[in-house]
**Student:** 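Just passing along the structure, written as structure tokens.
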Amino acid sequence: MLPLGQIISKYDIQCHCYADDTQLYVPLKPNRTYVKQEARNLGVVFDLCLYFNAQVTKVVWTCFLQVRLISKVRPFLSFSDLEKVIHTFITSRLDYCNTLYSGISKGNIHRLQLIQNAAVRLLTRSRRSDHIAPILAGLHWLPVCFRIDFKILLLVFKTLHGQAPIYIGDLLNPYEPDHCLRSSGGNLLTVPVSHLVTKGDWAFAVRAPKLWNSLSEEFRLAKSVSSFKLLLKTFFYIIRPFLKLLCGLLWLLNVCSFI
């Protein structure tokens, strides 16, 4: 340690010696900050504004590479085996930590949806001009935007039934009205007040209760995970598109009434 200690003291660097380690303390220059634009945690790239542009770009590039590689071995695989390969190398990447995508831009959601569309066309050998929604419904694959909400709602259900980590349960509070109301006993959650529309409303503590309360009582009072998944897929495939269509028709009627 003596020669190394002389070298360290020569450059005015502080050090601390342990039994199996030596730590050096290098001060930063004053009036100078070092801010990293991106950081990686558990394989997910976070940016300063939580737009997840870099993360989506990474997923898109990796998944399209897998699509090209899988297309080369498609003639040698059966339909069921090819579906398993697609789920292993593509769908798993789309679903990994996809609850973080709740609230990202529609452009990024569209980029992720293009990956799923390419995987479906690779599996079914459909043309680019074919409408993708009926093909997805035939395969019982939820679109990317619905898979995000599905994951959040499933996590809420497991949390309320003691099948999720405790720290997630700390973010969810049951709704308890001050008076006896019709909503009492409906297994509702309290939606906390957020101060930032672009960030606060998309936090799990706010987004999850809103999605959960939007479900009917039949969904919220499901007895098992399997029955809840079945009801939830029915909701995303049939009920939710119908509600969107109904809202669009009502908006169109309102517009026509002013003309």
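The figures that follow rest on heavy atoms only: side chains count, while hydrogens, waters and symmetry mates do not.
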**Student:** What is the minimum heavy-atom distance between Lys229 and Leu154, and which atoms define it?
**Tutor:**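 Smallest heavy-atom distance, with atoms named: CE-CD2, 3.7 Å.
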**Student:** The criterion is salt bridge (Lys or Arg N to Asp or Glu O under 4.0 Å); which residues satisfy it with Arg128, sequence neighbours excluded?
**Tutor:**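 For Arg128 there are no salt bridge (Lys or Arg N to Asp or Glu O under 4.0 Å) partners, ignoring immediate neighbours.
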**Student:** Can you confirm whether Phe79 is buried at CZ, in the sense that more than 12 heavy atoms of other residues, nucleotides or ligands lie under 6.0 Å from that atom?
**Tutor:**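 For Phe79, atom CZ is crowded (more than 12 foreign heavy atoms under 6.0 Å).
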**Student:** Just wondering, are more than 12 heavy atoms of other shown residues or ligands nearer than 6.0 Å to CZ in Phe89?
**Tutor:**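 Counting neighbours around CZ of Phe89, 12 or fewer heavy atoms of other residues, nucleotides or ligands fall under 6.0 Å, so no.
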**Student:** Which pair of heavy atoms, one from Gly103 and one from Trp202, lies closest together, and at what distance?
**Tutor:**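 Reported closest heavy-atom pair: CA-CD2, 3.3 Å.
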**Student:** Pair Val156, Leu211 - check side-chain contact (heavy atoms from CB on, under 4.5 Å), show working.
**Tutor:** CA-CA 9 Å; Val156 173; Leu211 287 175; over 6 Å; no
**Student:** Set out, in order, the CA-CA distance, both residues' side-chain angles and the distance that settles side-chain contact (heavy atoms from CB on, under 4.5 Å) for Phe236 and Asp149, then state yes or no.
**Tutor:** CA-CA 9 Å; Phe236 283 122; Asp149 293 343; 3.7 Å; yes
**Student:** Any chance you could measure Arg220, atom CZ, to Leu188, atom CG, to the nearest 0.5 Å?
**Tutor:**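 Going from CZ on Arg220 over to CG on Leu188, the span is 4.5 Å.
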**Student:** Determine, using the 4.5 Å side-chain heavy-atom cutoff (strictly less than), whether Val144 and Leu123 are members of one ILVMFWY cluster.
**Tutor:**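 Same hydrophobic cluster.
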**Student:** Drop me the distance from Arg111's CZ to Ile104's CD1, to the nearest 0.5 angstrom.
**Tutor:**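 Going from CZ on Arg111 over to CD1 on Ile104, the span is 9.0 Å.
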**Student:** Might you work through the side-chain contact (heavy atoms from CB on, under 4.5 Å) test for Leu160 and Leu189, ending with a clear yes or no?
**Tutor:** CA-CA 10 Å; Leu160 296 178; Leu189 296 176; 4.0 Å; yes
**Student:** Around atom OH of Tyr96, are there more than 12 heavy atoms from other residues, nucleotides or ligands closer than 6.0 Å?
**Tutor:**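 Correct, the count exceeds 12.
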**Student:** For Arg127, does its backbone N or O pair with a side-chain atom of Arg121 as donor and acceptor, under 3.5 Å?
**Tutor:**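 Yes; judged by distance alone, with no hydrogens or angles, the pair exists.
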**Student:** With sequence neighbours excluded, what pairs up with Phe150 under the ring-ring contact (aromatic ring centres under 6.0 Å, His included) test?
**Tutor:**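 Here no residue qualifies.
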**Student:** Which heavy atom of Trp212 sits nearest a heavy atom of Leu153, and at what distance?
**Tutor:**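 In this case the closest contact between Trp212 and Leu153 is N-CD2, 3.6 Å.
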**Student:** According to the interplanar angle, ranging from 0 to 90°, do the rings of Trp141 and His87 count as parallel (below 30°), tilted (30 to 60°) or perpendicular (above 60°)?
**Tutor:**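 Geometry flag for His87 against Trp141: tilted rings.
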**Student:** What closest approach, in Å, do Asn98 and Ile148 show between heavy atoms, and which atom pair accounts for it?
**Tutor:**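 Shortest heavy-atom separation between Asn98 and Ile148 comes out as O-CG2, 3.5 Å.
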**Student:** For the hydrophobic clusters of this structure (ILVMFWY residues joined by side-chain heavy atoms under 4.5 Å, transitively), does one cluster hold both Ile90 and Leu139?
**Tutor:**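 Yes: a chain of side-chain contacts under 4.5 Å links Ile90 to Leu139.
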**Student:** Identify the two heavy atoms, one from Phe228 and one from Phe219, that lie closest to each other, and give their separation to 0.1 Å.
**Tutor:**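 It is CD1-O, 3.4 Å.
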**Student:** Between Asp95 and Lys151, is the closest basic N to carboxylate O distance under 4.0 Å?
**Tutor:**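 Not counted as a salt bridge, because no side-chain N and carboxylate O are separated by less than 4.0 Å.
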**Student:** Looking at every heavy atom in both Gln116 and Pro143, which two are closest together, and how far apart are they?
**Tutor:**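 Residues Gln116 and Pro143, closest heavy atoms: OE1-CA, 3.4 Å.
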**Student:** Please check if atom NE2 in His110 has more than 12 non-hydrogen atoms from other residues, nucleotides or ligands closer than 6.0 Å.
**Tutor:**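 Incorrect, the count does not exceed 12.
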